[in-house]
Amino acid sequence: MDTSLINVPFLIDTFFVALSGVPVALLVTVVSLLIAVPIGFFLALTRINQIPVINTIAKIYVSFVRGTPIIIQIFVLYSFIPLMLNGIFKKYNIEYSVYDINPLWYAFIIFAFNTAAVLVEVFRSALSTVDKGQLEAAQSVGLTNAQAYRRIIIPQALVTALPNLCTATVNLIKATSLGYAISLYEITLKAKVAANVGYNYVEAYIDIFIVYLILCIVVEQLFKWWEKRLSRYKYANA
Amino acid sequence: MLEITNVHKSFGKNEILKGVDLTIEKGDVVVILGPSGSGKTTLLRCINFLERADQGTANFGDLKVDLKGASKKEVLDVRKKTAFVFQNYNLFNNKTALENVAEGLIIGRKMPKEEAYKISREALDKVGLSDKYDFYPVQLSGGQQQRVGIARAVALNPDIILFDEPTSALDPELVGEVLETMKEIAREGTTMLVVTHEMGFAKDVAKRVIFMDGGVVVEEGTPHDIFVTPKEERTKRFLRRVLPGQYDYEI
């Protein structure tokens with residue numbers, strides 16, 4: 001066995017093992033965002049327009065998610081959903097074992113549930129930065145509300161939202177590491193499993209560390225590029 | 001061409017409009033004067049459904065709508081017949097001058113892009129901004145922004161353009177260019193309903209002047225009727241306050 005502090009060949013090999021978990025981490029991130037963005041946006045609109053009942057539900061939902069650790073949300077949903085499904089399956093005589101469900105599905109639900117709450121506040125603050133006059137001007141030239149939002153308001157709000165959206169996305173990527181708690185074969189779990197064989201935990205953790213770091217830096221840069229593109233109208237030179 | 005009857009509007013307990021009637025003939029420039037809080041802006045906003053009136057009707061000749069209960073379709077129809085020039089310009093910040101003007105044509109009126117851009121360029125040329133097509137609002141002065149705002153209204157070729165204090169937010173030295181632009185489009189026979197504090201514009205350009213105070217029309221007539229031979233005491237008092245060089249000797 002290697003006597004040096006770090007097993008370099010293992011470090012390198014495991015780096016690629018950890019890297020092979022990236023697609024799953026990204027898949028969970030993207031799918032969760034795809035679910036969370038419309039929900040977050042819709043709830044943000046109900047908050048801004050003070051729609052009764054839904055507004056209150058949205059408020060409670062946001063406080064609830066913000067006030068509890070993700071890992072606990074994972075444990076709660078991971079135990080609660082199978083129980084609920086079991087009940088439903090039994091009632092309708094569906095022959096399917098809830099314990100055969102791919103943890104990926106749980107990850108989608110849990111992380112979408114969590115991220116949507118974050119995005120409600122991101123979108124709410126961003127939409128409120130767009131002057132009411134923009135909507136009125138759009139209406140006055142004959143646009144419907146939906147057209148006004150799509151073409152005038154959302155593009156402007158998005159510029160404000162992007163830095164926070166980037167933070168939310170990066171947080172989500174990092175949070176997928178908690179997927180190991182529900183046996184999701186992503187970056188963390190893959191590297192840890194590899195480390196189990198020879199107890200090379202330090203190397204595995206370093207690999208995990210580096211993979212997340214690279215992933216998050218790349219995502220950050222993409223967002224920066226996107227923000228620059230979208231905010232051209234703001235900083236155009238006279 | 002546009003007949004507005006019995007418009008009422010309250011914000012909470014504050015009654016802003018207390019039954020306003022108004023008739024505008026095609027090609028007329030009608031100026032609404034009045035102290036702040038008299039309901040001028042609210043009246044304009046009710047006509048374009050930026051505000052829902054509590055009561056009242058608008059008759060555009062071939063389209064008669066209830067200002068309170070109009071359906072979404074009716075609201076869109078009215079907005080196709082009207083255009084609005086805002087006090088704060090309200091140009092779309094994320095669009096260039098040309099895109100600002102074309103937006104309503106392409107999206108609102110479903111006009112082919114090429115045709116829309118052609119009309120938009122002509123409208124910008126008319127307001128003297130043929131060298132600013134691709135400029136974003138942040139790159140334009142207040143006066144230029146408001147001229148884009150006017151071009152945006154003109155391009156829609158509406159039955160009537162509603163101007164809500166179009167020069168009030170401008171630096172004094174930029175007021176002239178906007179008034180000049182408005183005079184120009186007035187000369188072309190555009191029907192205009194203008195809320196303004198520019199007495200000179202009212203005197204020179206208006207066919208009729210309406211004086212509003214406290215949510216009602218106090219007096220209306222030709223510029224000569226209102227400025228030279230006003231009948232109502234409230235009108236006289238207002239004019240003494242706003243017209244330079246005229247003092248109230250009854251102190």
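Computed from heavy atoms alone, side chains included, the values below leave out hydrogens, waters and symmetry copies. Quick caveat, the model's predicted, so the values are computed rather than measured. We name chains A, B, ... by the order of the sequence lines, and we start the count at 1 in each one.
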K.L.:
Is B/F92 close to chain A through its backbone or its side chain, or both, or neither, when contacts mean heavy atoms under 4.5 Å?
P.N.:
both
K.L.:
So that I can tick it off, tell me whether B/R45 and A/E136 are bridged by a salt bridge, with the cut-off set at under 4.0 angstrom between side-chain N and carboxylate O.
P.N.:
yes
K.L.:
Quick check for you: among B/L156, B/N90, B/N93, which has the greatest number of heavy-atom pairs under 4.5 Å with chain A?
P.N.:
B/N93
K.L.:
What's the verdict on side-chain hydrogen bond (donor to acceptor under 3.5 Å, both in side chains) for B/Y133 and B/D125, showing C-alpha distance, side-chain angles and the deciding distance?
P.N.:
CA-CA 9 Å; B/Y133 292 160; B/D125 295 347; 2.6 Å; yes
K.L.:
Heavy-atom distances under 4.5 Å only: say whether A/Q147 touches chain B with side chain, backbone, both or neither.
P.N.:
side chain
K.L.:
Using the ring pair (Phe, Tyr, Trp, His ring centres under 6.0 Å) rule, take B/F84 and B/F86 through it: C-alpha gap first, then chi angles, then the decisive distance, then the call.
P.N.:
CA-CA 6 Å; B/F84 207 97; B/F86 296 87; 4.7 Å; yes
K.L.:
For B/I107, which atoms come within 4.5 Å of any heavy atom of chain A: side chain, backbone, both, or neither?
P.N.:
both
K.L.:
Side chain, backbone, both or neither: which part of B/N48 has a non-hydrogen atom closer than 4.5 Å to chain A?
P.N.:
side chain
K.L.:
Most heavy-atom pairs under 4.5 angstrom with chain B, which of A/A137, A/G133, A/G142?
P.N.:
A/A137
K.L.:
Under a 4.5 Å heavy-atom cut-off, does chain A meet the side chain of B/T82, its backbone, both or neither?
P.N.:
backbone
K.L.:
Please classify the contact between B/R109 and chain A as side chain, backbone, both or neither, with a heavy-atom cut-off of under 4.5 Å.
P.N.:
neither
K.L.:
Select one option (side chain, backbone, both, neither) describing which atoms of B/K110 are under 4.5 Å from chain A's heavy atoms.
P.N.:
side chain
K.L.:
What part of B/L91 lies closer than 4.5 angstrom to a heavy atom of chain A: side chain, backbone, both or neither?
P.N.:
backbone
K.L.:
Could you report the tightest heavy-atom contact between B/Q146 and B/Q87, atom names first, then the distance?
P.N.:
NE2-O, 3.9 Å
K.L.:
Can the ring centroids of A/Y185 and A/Y180 be said to lie less than 6.0 angstrom from one another?
P.N.:
no
K.L.:
Could you tell me whether A/R124 and A/E121 have a side-chain N and a carboxylate O separated by less than 4.0 Å?
P.N.:
yes
K.L.:
Should B/D62 and B/K81 count as an ion pair when the cut-off is N to O under 4.0 Å?
P.N.:
yes
